[in-house]
Number of protein chains: 2
Amino acid sequence: MSESAIRRLSLYLRALEEMGDDGEEIVSSRLLAERVGTTGPQVRKDLSLFGSFGTRGLGYAVRPLRVRLRDILGLSRRWSVALVGAGRIGAALVAYPSFRERGFEIVTILDNDPEKIGTRWNGIAIGPVERMEEAFRRNPAEVAILAVPAEAAQDAADALVRVGVRGIMNLAPVRLRVPEGVAVKHVDMAVELESLSFALRHLVR
Amino acid sequence: MSESAIRRLSLYLRALEEMGDDGEEIVSSRLLAERVGTTGPQVRKDLSLFGSFGTRGLGYAVRPLRVRLRDILGLSRRWSVALVGAGRIGAALVAYPSFRERGFEIVTILDNDPEKIGTRWNGIAIGPVERMEEAFRRNPAEVAILAVPAEAAQDAADALVRVGVRGIMNLAPVRLRVPEGVAVKHVDMAVELESLSFALRHLVR
DNA sequence: CTTCTCTTGTGAATGATTTCACAAGGATTC
DNA sequence: GAATCCTTGTGAAATCATTCACAAGAGAAG
């Protein structure tokens with residue numbers, strides 16, 4: 001069950017959601033593949049990892065497959081999210097509507113800037129990072145979004161693990177070390193830009 | 001030359017830059033690997049794709065390797081960047097200092113909100129998206145950062161390709177279709193969160 | 001100058017992922 | 001209800017990536 005297969009499931013789900021709005025009832029692996037930029041066999045292999053949801057000769061029923069994918073991805077439940085770091089990136093994320101739509105609800109926001117502490121974002125009062133434990137006692141969260149400067153990221157991650165966070169989406173340009181049983185996803189803009197730069201080196205001039 | 005190898009190079013470079021500041025002259029593949037969360041042999045294989053930069057029995061000289069990696073990744077030149085979409089995500093990116101440090105210089109900012117057009121960010125006046133061609137004639141860019149809503153992303157990407165952009169870093173939750181010869185990197189928060197959710201499904205409760 | 005220690009660079013082996021090819025089996029038509 | 005048309009589901013093959021194992025070679029020590 002590879003990481004990349006899972007990410008494709010997420011893309012399939014998105015495509016199915018866009019389709020549903022257009023009223024399509026049935027979709028073939030080839031069509032789904034086209035929307036996502038992969039191949040029919042790939043789609044079928046990915047789905048077959050979790051069962052057989054299609055009907056031969058016809059394709060996949062959009063709505064049921066959508067439900068099934070949401071279920072597989074763990075999106076049929078609510079996840080409570082703590083946002084650590086109320087800088088510009090944090091601000092962008094709080095405003096990102098997909099989070100809530102997908103069942104990720106920000107319940108706690110922490111920062112260490114005295115200017116910000118006490119102000120409200122989306123109705124949530126920003127608390128001091130040092131009081132993480134207290135904040136989690138009031139509003140526990142399974143997931144954290146880490147949007148602090150690189151230097152502060154590892155300490156914040158350690159603290160998050162201590163208060164029981166099981167998944168971290170890290171936006172700081174640092175590779176976090178976390179114990180077994182805690183999942184981390186890195187969204188690393190610098191790495192992305194640099195790999196773009198590498199690709200360009202061979203395309204430009 | 002796999003995508004993942006390139007991304008690791010970027011991580012090695014970052015580690016080397018952090019080291020250099022601490023005055024370390026020589027680093028072994030094992031040590032570098034540790035900082036990046038991979039293995040010695042992996043580091044050596046990755047580097048050997050581009051030549052042999054180490055000395056046996058000793059390791060790699062930090063500074064020269066750093067220079068070499070920057071070169072390989074295409075970071076030893078300046079890249080002009082156009083930012084399309086001056087929302088919250090755009091704001092976060094403009095303020096992100098690593099961009100400039102890495103040689104990516106934002107020279108143009110475009111949006112379609114009349115409220116924003118004309119205001120200045122970091123000294124750059126925000127122009128209207130419809131006048132992209134004009135903006136590019138004044139300030140050409142090889143790279144674009146696309147931070148617009150999903151619905152607008154494909155059109156914006158098409159326009160960017162028309163005015164000569166060769167690399168797009170896309171932050172909208174859409175898979176862009178671009179012609180051969182244009183590189184795209186997707187930073188897809190939703191996919192990331194959902195794959196985190198999948199991992200958690202098996203870790204929590 | 002020989003020996004010992006260390007770490008690179010790399011072919012070979014292993015493991016993972018993707019692609020292929022096709023049998024299985026619904027739906028539709030005549 | 002047989003024949004035809006489709007598209008799935010899936011082993012097998014091919015490709016791609018990582019790990020392993022070790023010869024090659026640099027430096028240090030005696």
Side-chain angles (χ1 to χ4, degrees), chain A residues 1-13 15-16 19 24-69 72 175 186 191 195 198-199 202, chain B residues 1-13 15-16 19 24-69 72 175 186 191 195 198-199 202:
Chain A
M1 203 97 47
S2 66
E3 175 69 21
S4 36
I6 301 305
R7 298 161 91 99
R8 281 191 301 268
L9 291 190
S10 169
L11 295 176
Y12 303 154
L13 174 57
L16 289 168
M19 277 176 185
E24 321 225 16
E25 290 301 320
I26 291 282
V27 65
S28 70
S29 58
R30 197 176 44 68
L31 207 67
L32 194 47
E34 228 160 67
R35 294 193 64 137
V36 164
T38 178
T39 68
Q42 180 80 80
V43 170
R44 298 202 296 278
K45 249 284 140 66
D46 289 342
L47 294 178
S48 79
L49 289 171
F50 297 94
S52 41
F53 313 126
T55 71
R56 292 169 189 230
L58 201 56
Y60 300 89
V62 171
R63 211 157 304 242
L65 183 55
R66 208 158 63 188
V67 171
R68 201 72 194 75
L69 283 180
I72 290 167
R175 247 49 197 175
H186 293 276
V191 168
S195 82
F198 175 83
H202 298 279
Chain B
M1 202 100 43
S2 66
E3 176 68 20
S4 35
I6 302 305
R7 297 161 91 99
R8 282 192 299 267
L9 291 189
S10 171
L11 295 176
Y12 303 154
L13 174 57
L16 290 168
M19 278 175 186
E24 322 225 16
E25 290 300 322
I26 292 280
V27 64
S28 69
S29 58
R30 199 175 43 70
L31 207 67
L32 194 48
E34 228 160 69
R35 295 193 63 136
V36 164
T38 180
T39 67
Q42 180 78 81
V43 170
R44 299 202 296 277
K45 250 276 140 70
D46 288 342
L47 295 178
S48 79
L49 289 170
F50 296 93
S52 40
F53 314 125
T55 71
R56 294 171 186 227
L58 202 55
Y60 301 88
V62 171
R63 211 157 303 242
L65 182 56
R66 209 157 63 187
V67 172
R68 202 69 194 76
L69 283 181
I72 291 167
R175 248 48 198 177
H186 293 278
V191 168
S195 82
F198 175 83
H202 299 280

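Every chain is numbered from 1, with letters handed out A, B, ... down the list of sequences.
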### Query
Where each residue is assigned the nucleotide of DNA chain C containing its nearest heavy atom, which of A:Arg8 and A:Gly57 is assigned the position nearer the 5′ end?
A:Arg8
### Message
By nearest atom, which of the nucleotides D:dT7, D:dT10, D:dA17 is closest to the A:Ser48 side chain?
### Response
D:dT10
### Task
In whole angstrom, give the distance that lies between atom OH of B:Tyr12 and atom P of C:dT8.
12 Å
### Message
Using whole Å, what does the distance between atom C1' of nucleotide C:dT10 and atom CZ of B:Phe50 come to?
### Response
16 Å
### Message
Tell me the interatomic distance from B:Tyr60, atom OH, to D:dG27, atom P, rounded to whole angstroms.
### Response
15 Å
### Query
Is there side-chain contact between A:Lys45 and A:Leu49, with at least one heavy-atom pair below 4.5 Å?
no
#### Entry: Spacing between B:Asp46 atom CG and D:dC20 atom P, to the nearest angstrom
15 Å
### Query
Think B:Gln42 has a side-chain N or O under 4.0 angstrom from the OP1 or OP2 of D:dA17?
no
### A:Leu49 CG to D:dT10 C1', straight-line distance once rounded to whole Å
11 Å
### Message
I'd like to check B:Leu47 versus B:Leu69 (side-chain heavy atoms, cut-off strictly below 4.5 Å). Are they in contact?
### Response
yes
#### Entry: Rounded interatomic separation in angstrom, taking CG from B:Leu65 and C1' from C:dT8
13 Å
### Query
Starting at CD1 of B:Ile26 and ending at C1' of C:dC6, how long is that distance when rounded to a whole Å?
13 Å
### Selected nucleotide, minimal atom distance to A:Ser52 side chain, candidates C:dC20, C:dT8, D:dG9
D:dG9
#### Entry: Protein-nucleotide distance (B:Arg44, atom CZ; D:dA21, atom P), rounded to Å
12 Å
### Within-4.5 Å side-chain heavy-atom neighbours: B:Leu32 and B:Tyr60
no
## Note on the structure
Side-chain atoms of A:Ser29 come closest, of D:dT8, C:dT18, C:dT19, to D:dT8
#### Entry: Gap between atom OG of B:Ser2 and atom CZ of B:Arg7 - 0.5 Å precision
10.5 Å
### Query
Is a donor-acceptor pair below 3.5 Å formed from side chain A:Lys45 to base C:dT19, judging by atom type as modelled?
yes
### Query
Heavy atoms, side chains only, cut-off 4.5 Å: are B:Leu9 and A:Phe198 in contact?
no
#### Entry: Position toward the 5' end of DNA chain D (nearest nucleotide), A:Arg56 or B:Thr38
A:Arg56
